[in-house]
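Since the structure comes first, as structure tokens, the remarks are kept for the end.
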Amino acid sequence: MYKLTLTGLLVLLTSFSVFSQSNYRAGSLTQININAKVAETWKLNTKLEARQIFSSRQPGEVVNNGFEYERTDLGFMLTKKVSADNSLGGGYMVRMEDGSFTHRLSQQFSSVNTLEVLSIAHRVVADETFNNVDPAEFRLRYRLGMELPLNGQQVDPKEFYGKFNNEYLGIFAGSNPDLEIRGLLSLGYNAADNNKLELGFEYRINGFNESVNAQQFWVTIAWFVSI
Amino acid sequence: MKLEQYILTFFLFWTAMVLCTPGFAQKKYEREYSIKSNEVPQQALKLVSSIFPKSRIHWYREESLTGNSIEAKLKSSGKRFSIEFDETGNLQDVEIMSNISEMSSEGRKVLKEELSKSFEKYRIEKVQLQWVGQESKIKKSLLELTATDGIRTRYELIIKGTRDGKENYFEILSESDGRIVTTREIVQRNTDNLIY
């Protein structure tokens, strides 16, 4: 399973880099997630995420292989555990890009079910994004997540695991609704139950309302810490 | 941000991660992982293979501060079995995936009453039959698929229950007559990486 995940990751990385896409961005997504328990059933998630672009191409333009630090997101999400499996949350995120700020409010429902071996998560998010330039954007998202231990029946400390996410986003801005589909495959290392590191590959596609789809290829590094 | 600044940020990110990892990892030590059959004590291997010659057997080793054990997991006759041994291969107990309907109606009635006293509401998620006894008697029981004389039968239940308005998972160990022996709240695994 361990070898299979690594092979899958490599195949995805190489195949996507070989294909020439007419509208794409490729780079890295680095993310630090700090989760703190603030009360019996309340948790605060603080997420710092940065995007770096190594290669991109816009329709009708030549490929740009230069390095570009695209943006930094800082987000806070307060969640309340409403039952053994389910949580409700609300959050705020600020994005710093090209010297200007974008603000996002979000509302979230999540449900995580641990089966005999596999853990399955469902997440539904509604978010609203505002800035001084673009019209307000509303998104409705659903994400299915799965986590599989690569050794044994549960993810123990100092063990690896595989993670797969598939997300669908309905995007409403002005009079031009769009859909975005995301897929993530990553290899995780559980240093301890409160300290996980994930390295993966994420593919995104949107622009279904345009003549050419916009595609994104990201190498992801995510660090999850609970304090 | 220039490339140099990015490299510096990346370096700081990794340094922080590497420095923090050992501190977090020291908190608790409990681990279960799969092992190959050649790592299993001969006595355990021989016993399981003799009872289930046609089944595919998965072997696991569990390590904790209180001790280590070896576990065989397999499917046979439509049932799921977990057979636990100590490190030297001595049989400890057998657990068989079951259904609450396999408990006697009298036992179910008692168990239901006890659970209703302990929980505002509850739902049984999983039931395992537990057999403890001499190795020869457990072997006979496994071959006949019914507990023979001298085998102590208990039920291990995983329930989703509400106490003081808060819902959690609990592991209940009950006698075959429905009396509860122990109730233990299950500490749920950290799943933040699946939510955010």
Side-chain angles (χ1 to χ4, degrees), chain A residues 28 30-33 35 40-41 43 45 47 50 52 67-69 72 75 77 79 81-87 89 108 110-112 114 116 119-121 123 145-147 149 151-159 161 163 165 188 190-198 221-226, chain B residues 1-7 9-10 12-14 16-18 20-35 58-64 71 73 80 82 97 123 125-126 158-162 164-170 185-196:
Chain A
S28 60
T30 45
Q31 186 190 105
I32 300 174
N33 266 274
N35 298 287
E40 183 61 26
T41 53
K43 265 184 172 181
N45 167 263
K47 181 158 101 174
Q52 304 83 30
F67 172 83
E68 183 193 338
Y69 189 95
T72 304
M77 172 73 72
T79 54
K81 196 172 179 180
V82 290
S83 68
D85 304 318
N86 306 328
S87 297
Q108 171 179 300
S110 64
S111 178
V112 183
T114 303
E116 196 70 18
S119 292
I120 295 180
R123 189 182 80 170
M146 285 186 265
E147 184 187 278
N151 199 325
Q153 296 198 298
Q154 60 188 46
V155 183
D156 291 315
K158 298 177 184 175
E159 282 185 359
Y161 59 91
K163 189 171 102 170
N165 280 347
N190 186 44
D193 284 336
N194 55 2
N195 190 5
K196 297 177 183 190
L197 182 71
E198 296 177 356
I221 302 169
W223 183 27
F224 295 88
V225 182
S226 297
Chain B
M1 187 183 273
K2 289 177 182 172
L3 183 61
E4 290 84 349
Q5 286 173 295
Y6 168 67
I7 292 167
T9 311
F10 197 77
L12 288 172
F13 174 82
W14 279 98
M17 194 199 69
V18 169
C20 291
T21 298
F24 287 115
Q26 280 166 13
K27 202 177 173 187
K28 192 181 167 189
Y29 186 70
E30 194 173 274
R31 200 174 161 217
E32 168 263 7
Y33 53 93
S34 59
I35 54 173
H58 299 273
W59 291 95
Y60 299 93
R61 182 180 169 85
E62 280 184 28
E63 294 177 358
S64 73
E71 196 170 20
K73 285 185 185 280
R80 286 174 183 270
S82 297
M97 201 68 82
R123 194 174 82 187
E125 299 281 328
K126 183 177 158 186
I158 303 295
I159 69 156
K160 199 194 277 186
T162 307
D164 304 323
K166 198 180 151 197
E167 190 184 68
N168 262 314
Y169 284 95
F170 295 85
E185 187 177 324
I186 296 172
V187 179
Q188 285 181 278
R189 269 195 340 98
N190 183 346
T191 53
D192 291 337
N193 65 318
L194 281 167
I195 297 172
Y196 303 107

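Being a predicted model, the structure only gives us computed values, none of them experimental. Naming: A, B, ... by sequence-line order, numbering from 1 per chain.
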Between chain B and each of [options], count heavy-atom pairs under 4.5 Å; write down the option with the most.
{"options": "A:Glu40, A:Met77, A:Gln153, A:Lys43", "answer": "A:Gln153"}
{"options": "A:Ala121, A:Gly188, A:Gly75", "answer": "A:Ala121"}
{"options": "A:Thr41, A:Asn190, A:Asn151", "answer": "A:Asn151"}

Is there a donor-acceptor contact under 3.5 Å from the side chain of [X] to the main chain of [Y]?
{"X": "B:Asn190", "Y": "A:Asp193", "value": "yes"}
{"X": "B:Lys160", "Y": "A:Asp85", "value": "no"}
{"X": "B:Gln188", "Y": "A:Ala84", "value": "yes"}

Proximity breakdown for [X] and chain B, heavy-atom pairs closer than 4.5 Å:
{"X": "A:Thr79", "answer": "side chain"}
{"X": "A:Val82", "answer": "neither"}
{"X": "A:Glu159", "answer": "side chain"}

Worksheet entry | Which atom of B:Arg189 lies closest to which atom of A:Ser119, heavy atoms considered | NH2-OG, 3.3 Å

Worksheet item: Considering all heavy atoms of both residues, which atom of B:Asn193 and which atom of A:Tyr161 are nearest to each other, and what is their separation?
Response: ND2-OH, 3.3 Å

Worksheet entry | Listed partners of A:Asn45 passing side chain to side chain donor-acceptor pair (under 3.5 Å), at least two apart | A:Asn33, A:Asn35

Fill in: B:Tyr60 portion near chain A, given a 4.5 angstrom heavy-atom threshold
side chain

I need the [X] [atom1] to [Y] [atom2] distance, nearest 0.5 Å.
{"X": "B:Glu62", "Y": "A:Asp156", "atom1": "CD", "atom2": "CG", "value": "8.5 Å"}
{"X": "B:Asp192", "Y": "A:Lys47", "atom1": "CG", "atom2": "NZ", "value": "12.0 Å"}
{"X": "B:Leu194", "Y": "A:Ile120", "atom1": "CG", "atom2": "CD1", "value": "10.0 Å"}

Worksheet item: With sequence neighbours left out, what residues match A:Ser110 under side chain to side chain contact (heavy atoms under 4.5 Å, CB included)?
Response: A:Ser87, A:Gln108, A:Arg123, B:Ile195

Worksheet item: Side chains of A:Glu116 and B:Lys126: closer than 4.5 Å at any heavy-atom pair?
Response: yes

